[in-house]
Amino acid sequence: MRKKALSTKLSLYLDDALGVREKSELETYLAEHPEAKKELEELRAVRNYLIQKAPLKHNDWFWPLLSLKLERTGKEEKNVLPFRRKFLPVAVPLSLAVAVIIGVGIFLQRDSLFKFYSEKKEQVQHAYESGIIQGKILPLFTNLNKDQVLQFALFGTLPLDAQAHTALRIDESKNSGYRIEIAKNNKQTTPAVTASEFYSALDMSPNQHQIVDSILGSAKERIQSSVFVGENNSLAIHAELVNFNKMVMSNIAAALRPPQRVRFKKYLEDRRAPFTFVANIAPPVAPQNIYRAINKTPANDRYLILTPDTICFSEITINMDSVRRSLEAAMSSLSTIQVRTHALIRRVGEGDFAPTSANGQFNIQSGADYFAIELQRDLSNFPEMPTYFKIIPRISRATIETGESRQFPALTNSNGSDSAFSVELKQDSVVMRFFKRGIRLPVPPDRAGNADGSRRTNRSLQSPTRRSIDLDSVIQDMSKPKTKERKYRNPYEL
Amino acid sequence: MSDSTKTSGQMKVISAVPQSGMYDEAEVSEERRNDDVLITLFQGGDQKAFRILVERYQERIRNLIYSILNRDDVVDDLAQEIFIRLYQALPKFRFESSFYTWLYRIAVNKVRDEMRRKKVKRFFSLQKLMDDADAELASKMTVAPVDYSTAELISKALNHLPEKFRLPVVLKDVDGLSYEEIAEILECEIGTVKSRLSRARAMLRRMLKPLLE
C-alpha cells in the first residue's frame, strides 16, 4: 500500500469512518505490517494528546464585558438618518431624482435667472460707475453695544467717534420732514444712559429685561445693516433709519405695563429726549408680536447716499453676507472704518463737507461743527413703520414755561440755526403738566366750566385752587387692580 | 441565582451540556432544539435568550480560538467580537443550518482574519527582524536544552501547522465535530476535510516523534 493512501486510511480508521470491508482489509494489513501498526499507534497517541488538551480557565467577566461592548456598539449603530434605515434604498434614488429635477429646472430657467441677477448686479454697478460709491463698502456701526442702541432709541443718536463726541443723529426737521445730522461736540446733547440704569428706573421684571434686550439686539442688527461707509468717504444710510429709533422706542413701551409707561415718559422728560410717546393703559403687548414687528434687515434697497460732493437717493443692493465676509477678510477693516469715519468728521469740522443736492429735494445745512440734511417727508418716500404707540416730539419744560422755541444745546451752531421743530403744544401739554406739578384730575361737570357755562380754559386748569395729586401716589394707584368701587381714569385722555 | 435555575426545566438541560469534547447523540439533538427555541425567543425580542446562548457557547468558542492561535491574550477579545457579530447577525438567522455550525463558521472566519492580520503585521514589523536576530543569537548562546511540557509541545506543533491543516485537526480532535460539520464550517468538501485531516495528523506525528518514542 502506498504511504499516502495508508496514512489516509489510518486516519479514517482512527475516526471509525471506514466501511466494514475496508476496515477488515486494513486490520489484516496492520497484522502483517508492524511498522504500519506502529504508525497507527503513534497517530492514536497524537489524537489522544489533542483530545486531552487542557481547556482555558473559565472567565467570570466574559458576559459583563460583552454586554458592555454590546451596549456601546448599539449606541454607535443608532440610526442617524431622518427616516427608518429600511427606507434607505428608496430614499437615496428618490433624493437623486429630486436633485436631478431641480438641476434640470435651473438649467432650463438659466436665462431668466441670469437676467434677474444681472439686473441686480447692474443696479449696484450703476451706483459704482456713477461714482456714488467707490470701492468696498463696510458697515459703519460694527460694534454697537446695548447702551448705544438704547441711546439711539431714546435720543436718535449713534456715536461716530466717542473721543471727539461726534454723532450721527436722526431727528425731525421743523418743516415736517426728517433731519440727519453729523455733529461734533455732541456730548451735551445726549446724556449717557445705560440699559441697566434704564431697567431699574422703570422697575422692569426679569421677563421684561429679556424682551427689551431682544428688542435692542434686533435693533443692533438692523442699524448694522443700515449705515455703510464707502472707500471714497461716502456714506450710505438706509431710508428707514430715520423712523427706526421711534419704532424701537414704541416697541419698548409696548413691553411695559401702564405704570411703567408713566415712568418711561418721565425718564424721557428728565433726560430731555427729543421724542416721547402717547401712552395708554393697554396691557403689555405679547412678546412674539413685538419680536415680529422688528425686522433685522431693511425691507427695501433705498439708501441715501452722501459723498463729499453730492447727495442722492439710490436703489442699491447690499449683500450683508458678502459685506460681513469682506469685513472679516480684511484684518485692518476696523481701523479702515475708523480712518474713514475720522476723515468724514474732519471734513465736517473743517467745513469741507459741502455736497449739493442734484434735484433740490434736500435742504442742506452745515456749520463749523455740524452738517445736517433735511428731507421732505413727502419727497423722501420714507415708509412709516408700524408702531404700537404714536411717537411725537417732546416739548421741553423750558418751552412751556417760557414759551420760547425748543433748542438742542450742543447742536446749536454759530449761525444760530437749530434743529428745532415747530411746537405742538396740544399733543403733549397734559403730559408736561403731569410731570411738572402733579396731575390734575378732571373736575366734575358742574365745576368744569366757568360761571357763564363756557368750557374751561387752560388758565382755569392751572389755577392753584385745583386739587393736585402726587405722581408717586398715582403710579401706586395705577398698579393696583381695578375695582368697581374705584374707577381709574386715564390721565392722558383729554 | 443563575439564569438557568430561574427559568424552566428546559433551561436546566441547556446548562447541563458539557463544555467540550464528545457528546451523546441524544444530548446534542436536545441541545440543538433548545438553541432553536432560544434563537426564536431572541428574534422575538427576548434579550435574556442571547445571554443563555452566550453562556452556553462561550467556553467552546474561547477554547477553539485558543487551540487555533495558541495565544491566551487575544482569546477574550476575539470571542467577544465573535459574539457581537453573532448578536448582529442572529435576527437574520433562517434555521437553514444548525446554529452551532453557523456560530463556528463565524468564529473560524474571525480567527482566520486575525491570523492574516498577524501575518501582515509580522511582515511589516521591524521589531520581528530584531526579535529573530535576538533569538538566533540566544540559540547560539544557549547550551542547555529547553524542557517543554507535553501540552506546550502539542501547542507548538499545532502552531507550526499551516492554517488549512490546523483548522480541521482542531475541529475534529479538540472539538469532536464530524466530517460533515467540519466541511460545513470550513465550506469545503468532505473529501477535502478527510485528506487535510490525514495530512495534518501525519505532520503532527512527525513533529512529535520524540514525544511518542
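Chain A is the first sequence line, chain B the second, and so forth, proteins listed ahead of strands; every chain is numbered from 1.
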Enquirer: Quick one, A/Leu70 with B/Phe83, criterion side chain to side chain contact (heavy atoms under 4.5 Å, CB included). Give me CA distance, side-chain angles, the key distance, then yes/no.
Expert: CA-CA 9 Å; A/Leu70 282 171; B/Phe83 281 109; over 6 Å; no
Enquirer: Give, for atom OG of A/Ser7 and atom CZ of B/Arg205, the distance between the pair rounded to the nearest 0.5 Å.
Expert: 7.5 Å
Enquirer: Is there a donor-acceptor pair closer than 3.5 Å between any side-chain N or O of B/Arg62 and the backbone N or O of A/Lys57?
Expert: yes
Enquirer: Does any backbone or side-chain atom of A/Gln52 lie under 4.5 Å from a heavy atom of chain B? Answer side chain, backbone, both or neither.
Expert: neither
Enquirer: Taking CZ in B/Arg112 as the centre, count heavy atoms belonging to other residues, nucleotides or ligands within less than 6.0 Å. Is the count above 12?
Expert: yes
Enquirer: So which of A/Asp15, A/Leu14, A/Asn48 has the biggest tally of heavy-atom pairs under 4.5 Å with chain B?
Expert: A/Asp15
Enquirer: Which heavy atom of A/Ala17 sits nearest a heavy atom of B/Tyr179, and at what distance?
Expert: CB-CE1, 3.5 Å
Enquirer: Please round to the nearest 0.5 Å and tell me the distance separating atom CD1 of B/Ile154 and atom NZ of A/Lys53.
Expert: 9.0 Å
Enquirer: Applying side chain to side chain donor-acceptor pair (under 3.5 Å), can you list everything that pairs with A/Arg44, at least two apart in sequence or on another chain?
Expert: A/Glu41
Enquirer: Evaluate side chain to side chain contact (heavy atoms under 4.5 Å, CB included) for A/Tyr49 paired with B/Leu211, printing each intermediate quantity in order.
Expert: CA-CA 11 Å; A/Tyr49 279 132; B/Leu211 187 71; 3.6 Å; yes
Enquirer: If you count heavy atoms of other groups shown closer than 6.0 angstrom to CD of B/Glu189, is the number above 12?
Expert: no
Enquirer: Look up atom CG in B/Asp175 and atom CG in A/Leu50, then write down how far apart they are to the nearest 0.5 Å.
Expert: 11.0 Å
Enquirer: The criterion is side chain to side chain donor-acceptor pair (under 3.5 Å); which residues satisfy it with A/Glu27, sequence neighbours excluded?
Expert: A/Tyr13
Enquirer: Would you say NE2 of B/His160 has more than 12 non-hydrogen atoms from neighbouring residues, nucleotides or ligands within 6.0 angstrom?
Expert: no
Enquirer: Against chain B, label A/Leu65 side chain, backbone, both or neither, depending on which of its atoms sit under 4.5 Å from a heavy atom there.
Expert: both
Enquirer: For A/Lys69, does the NZ atom have more than 12 heavy-atom neighbours from other residues, nucleotides or ligands under 6.0 Å away?
Expert: yes
Enquirer: Find the distance between CG (A/Leu56) and CG (B/Asn63) and round it off to the nearest 0.5 Å.
Expert: 5.0 Å
Enquirer: If you draw a 6.0 Å radius around CZ in A/Arg110, do more than 12 non-hydrogen atoms from other residues or ligands fall strictly inside?
Expert: yes
Enquirer: Just to be sure I understand the criterion: a residue of residues 73-82 of chain B counts if one of its heavy atoms is under 4.5 Å from a heavy atom of chain A. Which ones qualify?
Expert: B/Val75, B/Asp76, B/Asp77, B/Ala79, B/Gln80
Enquirer: For chain A, find its close neighbours in residues 194-204 of chain B: heavy-atom separation under 4.5 Å, sorted by number, or none.
Expert: B/Lys194, B/Leu197, B/Ser198, B/Arg201, B/Ala202, B/Leu204
